[in-house]
Amino acid sequence: MRFSRLLVPTTKETPNDATLASHIYLIRGGFIQSVGGSGLYNFLPLGKKVLDKVRAVVKDELDKAGCQEVSLSFVTPASLWQESGRFEKYGKELLRFKDRKNNDFILGPTHEEMMVNLVRQTVKSYKQLPLNLYQINLKFRDEIRPRFGLMRGREFLMKDGYSFHASEEDMKREFDLMEETYKKIFTRLGLAFRVVDADSGAIGGSGSKEFMVLADSGEDTIVVCDACDYGANIEAAVCQEKEFTTDTKTQVITMKALYDECISEIVTFVLPESEVLEEVKACNAVKANDLVDVESPADADRHVIDNTLKECTEYVNPEYADISAVQEGDACIHCGAELRYTKGIEAGHIFQLGTQYSEPLGATFLDENGKAQPMVMGTYGIGVSRLLAGIIEQHHDEKGCVWTKESAPFDLHILVSNIKDEAQVALGEKLYEQMKAKGVDVLLDDRKDRFGAKMKDYELLGIPHAVVIGKKLSDDLVEFVTREGMVKEEVSSSAIEALLNERF
RNA sequence: CGGAGUGUAGCGCAGUCUGGUAGCGCACCUGGUUUGGGACCAGGGGGUCGAAGGUUCGAGUCCUUUCACUCCGACCA
C-alpha cells in the first residue's frame with residue numbers, strides 16, 4: 001500500500017476526552033474515528049486491518065481447537081429473551097425496539113438465547129455432541145457510561161462461543177481446553193496476561209475464569225500470588241482463613257438488596273472492623289440483583305455475618321458468608337504466600353454454564369437410553385475490539401503505538417525521506433515491489449511531506465519495522481528501524497535486501 | 001440515576017460577564033520556495049454559534065424549555 005493513497009488521518013492534537021494511551025493513539029493514528037461520542041466508533045482502514053488480524057488469530061486458534069464459526073442474526077426477536085426470562089431481567093443495557101409490525105426486538109448484547117435456539121432446532125441426539133460453536137460479531141450494550149475509547153464502547157466486536165455437552169464432565173473438559181486455547185491466543189498477540197477466578201455476573205453459571213490483560217489503566221482489581229499461579233478478581237478472591245475472636249471490633253453496614261419485580265429487603269452485613277465489604281460477594285450472599293445504599297435507617301430483614309465471625313451470636317437468624325474483600329498481604333489460599341493487588345483489563349471470560357439456559361429454553365437431546373436430557377453448556381467470550389486497546393495499553397511509548405507482530409497493520413514500513421530525490425525513490429520502489437512480491441504486507445511512505453512529518457507518523461502508527469531511505473543514501477547507507485525502542489541500524493543499500501529477505 | 005461541567009468550521013479553542021458585521025490555531029484548496037525530526041510566504045474555501053420558543057430595533061451573548069456529550073460513582077467482553 002502507498003501511504004499517499006491510504007486514508008489515515010493522523011493528528012498532532014489529542015482529542016479532549018481521551019486519557020488512556022490506547023484511546024489517544026488509536027484516534028491520533030487514524031485507526032478509529034469517534035461517531036458523535038457515546039461509545040460508537042468507525043474503524044478506518046488501518047484500524048480495520050488490525051481488527052482483522054486480531055480476529056484471524058482468534059479464529060485460527062479456535063478452529064484448531066475444533067470450534068466451528070457461525071454468524072447469528074444481530075437483531076434478535078425479543079420472544080427468545082422472554083423465554084429465557086432475561087428480557088425483563090437484563091436491564092437498560094439491553095437495547096429494545098419495535099419493528100413496523102410492532103413486534104419487540106433487541107440488539108444482541110450476548111447470544112446465549114440465539115445459539116441455544118440454533119442448537120435445539122438442529123441437535124437431537126447425544127451422537128451429535130459435543131459441539132462448540134462461536135461467532136465473531138458485533139454486540140451492543142447500552143452502557144450507562146461508555147468511556148476509554150475501544151475499552152468500553154457500546155458497540156463492540158466480541159467473540160462469543162458456546163459449547164454443548166451430554167455430561168458435566170465433558171463440559172469441564174471443554175472448559176479446560178478453552179482455557180488453554182485462550183492462553184495461546186493471548187500469547188500469540190504478545191500480551192502479558194493472567195487467568196483469574198471470577199464472579200459470574202449477569203451471564204450466570206459457576207466456575208468462571210477471566211483473562212486479564214495486565215495494565216495499570218485496567219478497570220478491574222485482581223488479587224495475585226507471586227509464589228504460585230493463584231489469581232482472582234477481587235470480586236471472587238479468597239484467602240486463608242483469618243482468626244478473629246469475640247473481642248474483635250466489628251462494623252455493621254446496612255444496605256438495600258434489590259430483587260426481581262421491585263422486591264427489596266434491608267440487609268445488614270457484619271464484618272471485622274479491619275476488613276472491607278466486597279459488594280459483589282455480599283450481593284451473591286443474599287442472591288440479590290443489586291445492592292444500594294439505604295437513604296434512611298430501617299430495621300434489617302436479614303443479618304449476614306462474615307465467615308470470620310462465626311463466634312458472633314448477637315443476631316437472631318444469622319447467616320454466614322464470605323463477604324469481605326481479600327486485602328494485600330493476606331495469605332494465598334493455595335500456598336500461603338502474601339497476596340498483592342494489580343490492575344487488569346478483562347479481555348476474556350469463560351463460564352461453566354451447566355443447564356441454566358438449556359433447561360428454560362428446552363434444549364434437550366436423547367441419551368443412549370432414549371431419554372431426553374438438557375444439554376450441559378459452557379460459554380466463552382473474548383472482547384476482540386477491547387483487545388486492540390489492551391495491546392496498545394501494554395505496547396506503546398511516548399511517541400505512539402508499538403504493535404506486536406501478529407497485530408500490526410503492516411509488516412514493514414518503507415519511508416522515502418525526500419520524494420524529489422530520484423535515487424531514494426528508486427530504491428524505495430524497488431524494495432517495495434520486492435517485498436510485495438514475497439507476500440509481505442508493506443507500506444511505502446511516498447508522500448511529498450518532509451522527513452520529520454513522515455517519521456512522526458511512522459512512530460505514531462507503530463509498525464514493527466521500517467526501512468528509512470534518506471540523505472545518507474549518497475554514502476550508500478539506509479536505516480533499518482525496529483519500532484520497539486526505536487533501534488536504528490545503518491546498513492548499505494545492498495545489505496538491506498539481504499536483511500529484509502532474512503527477516504521476512 | 002446521583003454529583004460536576006461542556007455544546008461556536010473536520011479537530012482543539014476564544015468570544016457570552018457588559019447584546020451591535022463570527023474569530024484564532026491545526027487540518028483543507030491554489031501558487032511558489034523548502035526536504036533528516038510535525039517547514040515558510042502569499043492567496044483562498046468552509047458556520048443555520050446543539051435545538052425550540054421568548055425579550056429586543058438588533059441575540060453566539062439575556063430569559064425559558066429541551067436535547068446531546070464529557071468527567072467522578074454502581075454495570076460489563
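Within every chain, numbering begins at 1; the chains are lettered A, B, ... in the order of the sequence lines, protein sequences first and strands thereafter. Small disclaimer: the values here were computed from a predicted structure and weren't measured.
Here A:Met455 lies in heavy-atom contact (under 4.0 Å) with a base. Residue A:Gly381 is out of contact with every strand shown, counting any heavy-atom pair closer than 4.0 Å. Counting non-hydrogen atoms under 4.0 angstrom, A:Gly161 reaches nothing in the nucleic acid. Within the 4.0 angstrom heavy-atom criterion, no nucleotide atom of any strand lies near A:Lys454. At a threshold of 4.0 angstrom between heavy atoms, the contacts of A:Asp449 include nucleobase atoms, whether or not backbone atoms are also involved. Looking at heavy-atom distances under 4.0 Å, A:Glu346 makes contact with sugar-phosphate atoms alone, never a base. Looking at heavy-atom distances under 4.0 Å, A:Gln424 makes no contact with the nucleic acid at all. At the heavy-atom level, A:Glu479 lies under 4.0 Å from base atoms of the strands shown.
Pair check for B:G25 finds B:C11; Watson-Crick or G-U wobble, both atom distances under 3.5 Å. B:U56 makes up no base pair with any nucleotide shown, lacking Watson-Crick or G-U wobble contacts both under 3.5 Å. Searching all strands for a Watson-Crick or G-U wobble partner of B:C75 with both distances below 3.5 Å returns nothing. Pair assignment for B:G45: none, as no Watson-Crick or G-U wobble contacts are both less than 3.5 Å. With a 3.5 Å ceiling on both atom-pair distances, B:U18 lacks any Watson-Crick or G-U wobble partner. For B:C40, the paired nucleotide is B:G32, the pair qualifying as Watson-Crick or G-U wobble because both relevant distances are below 3.5 Å. For B:U70, the paired nucleotide is B:A4, the pair qualifying as Watson-Crick or G-U wobble because both relevant distances are below 3.5 Å. The partner of B:A51 is B:U65, by the rule that a Watson-Crick or G-U pair needs both atom distances under 3.5 Å.
A salt bridge between A:Lys184 and A:Glu180 is absent, with no side-chain N of the basic residue lying under 4.0 Å from a carboxylate O of the acidic one. A salt bridge does not link A:Asp176 with A:Lys172: none of the charged nitrogens is closer than 4.0 Å to a carboxylate oxygen. We find that A:Glu490 and A:Lys472 are joined by a salt bridge, their nearest charged nitrogen and carboxylate oxygen being less than 4.0 Å apart.
If you take CZ of A:Phe156 and P of B:C76, they are 12 Å apart, rounded to a whole angstrom. Atom P of nucleotide B:C40 and atom NZ of A:Lys448 are separated by 15 Å, given to the nearest angstrom. Between the CZ atom of A:Phe140 and the P atom of B:C76 there is a distance of 17 Å, given to the nearest Å. Rounded to whole Å, atom C1' of B:C75 lies 14 Å from atom CG of A:Leu94. We find that CZ of A:Arg152 is positioned 11 Å from P of B:C72, with the value rounded to whole Å. Note: CG (A:Leu138) to P (B:C76) measures 21 Å, nearest angstrom.
Residues from residues 182-195 of chain A placing a heavy atom under 4.0 Å of any atom in RNA chain B do not occur. Residues from residues 415-423 of chain A lying near RNA chain B, meaning a heavy-atom separation below 4.0 Å, are A:Ser417, A:Asn418, A:Lys420 in numerical order.
For A:Lys456, the side-chain atoms get nearest to B:G37 when compared with the rest of B:A77, B:U35, B:G37. Here the side chain of A:Phe351 is nearest to one of B:U34, B:G38, B:A77, namely B:A77.
Checked against ring pair (Phe, Tyr, Trp, His ring centres under 6.0 Å), A:Phe480 has the following partners two or more places apart in sequence or in another chain: A:His465. Every residue two or more places apart in sequence or in another chain was checked for a salt bridge (charged side-chain N to carboxylate O under 4.0 Å, His left out) with A:Arg28, and none qualifies. Residues passing the side chain to side chain donor-acceptor pair (under 3.5 Å) test with A:Glu113 are A:Ser84, A:Arg86, sequence neighbours excluded. Considering only residues two or more places apart in sequence or on other chains, A:Tyr162 meets the ring pair (Phe, Tyr, Trp, His ring centres under 6.0 Å) condition with none of them. Scored by the salt bridge (charged side-chain N to carboxylate O under 4.0 Å, His left out) test, A:Arg96 finds no partners at all (sequence neighbours excluded). Evaluation of the ring pair (Phe, Tyr, Trp, His ring centres under 6.0 Å) rule for A:Phe211 yields A:Tyr182, A:Phe186 as partners, not counting sequence neighbours. Residues passing the ring pair (Phe, Tyr, Trp, His ring centres under 6.0 Å) test with A:Phe148, sequence neighbours excluded: none. With sequence neighbours left out, the salt bridge (charged side-chain N to carboxylate O under 4.0 Å, His left out) criterion links A:Asp220 to no other residue. Partners of A:Glu279 by salt bridge (charged side-chain N to carboxylate O under 4.0 Å, His left out), not counting sequence neighbours: none found.
If you check distances only, the side chain of A:Arg447 never reaches the base of B:G38 with a donor-acceptor pair under 3.5 Å. Below the 3.5 angstrom threshold, one finds no donor paired with an acceptor across the side chain of A:Arg154 and the base of B:C76. One donor-acceptor pair, N or O on each side, does fall under 3.5 Å between the base of B:G38 and the side chain of A:Asp457. Not a single donor-acceptor pair, N or O on each side, falls under 3.5 Å between the base of B:C76 and the side chain of A:Arg141. Side chain A:Lys488 to base B:G37: a donor-acceptor pair is found below 3.5 Å.
Nucleotides of RNA chain B nearest to A:Thr14 and A:Met486 differ in position, and the one nearer the 5' end is that of A:Thr14. Both A:Phe211 and A:Pro146 sit near RNA chain B, but only A:Pro146 has its closest nucleotide nearer the 5' end.
Residue side chain A:Phe451 fails the stacking definition with respect to B:G37, as its ring centre and the base's six-membered ring centre are not both under 5.5 angstrom apart and under 30 degrees in plane angle.
Applying the 4.0 Å criterion to OP1 and OP2 of B:G73, one finds that A:Arg147 has a side-chain N or O inside that range. Within the 4.0 Å cut-off from OP1 or OP2 of B:A39, at least one side-chain nitrogen or oxygen of A:Arg450 is found.
Centroid-to-centroid, the aromatic rings of A:Tyr25 and A:Trp403 stay 6.0 Å apart or farther.
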Exercise. Taking it one step at a time, do A:Asp199 and A:Asn233 satisfy side chain to side chain donor-acceptor pair (under 3.5 Å)?
Worked result: CA-CA 8 Å; A:Asp199 177 66; A:Asn233 192 304; over 6 Å; no
Please write out each protein N/O paired with an N/O of nucleotides 24-29 of chain B under 3.5 Å, distance rounded to 0.1 Å.
{"unit_1": "B:G25", "atom_1": "N2", "unit_2": "A:Glu13", "atom_2": "OE2", "d": "3.0"}

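With hydrogens and angles disregarded, no donor-acceptor distance shorter than 3.5 Å links the side chain of A:Arg194 to the backbone of A:Val213.
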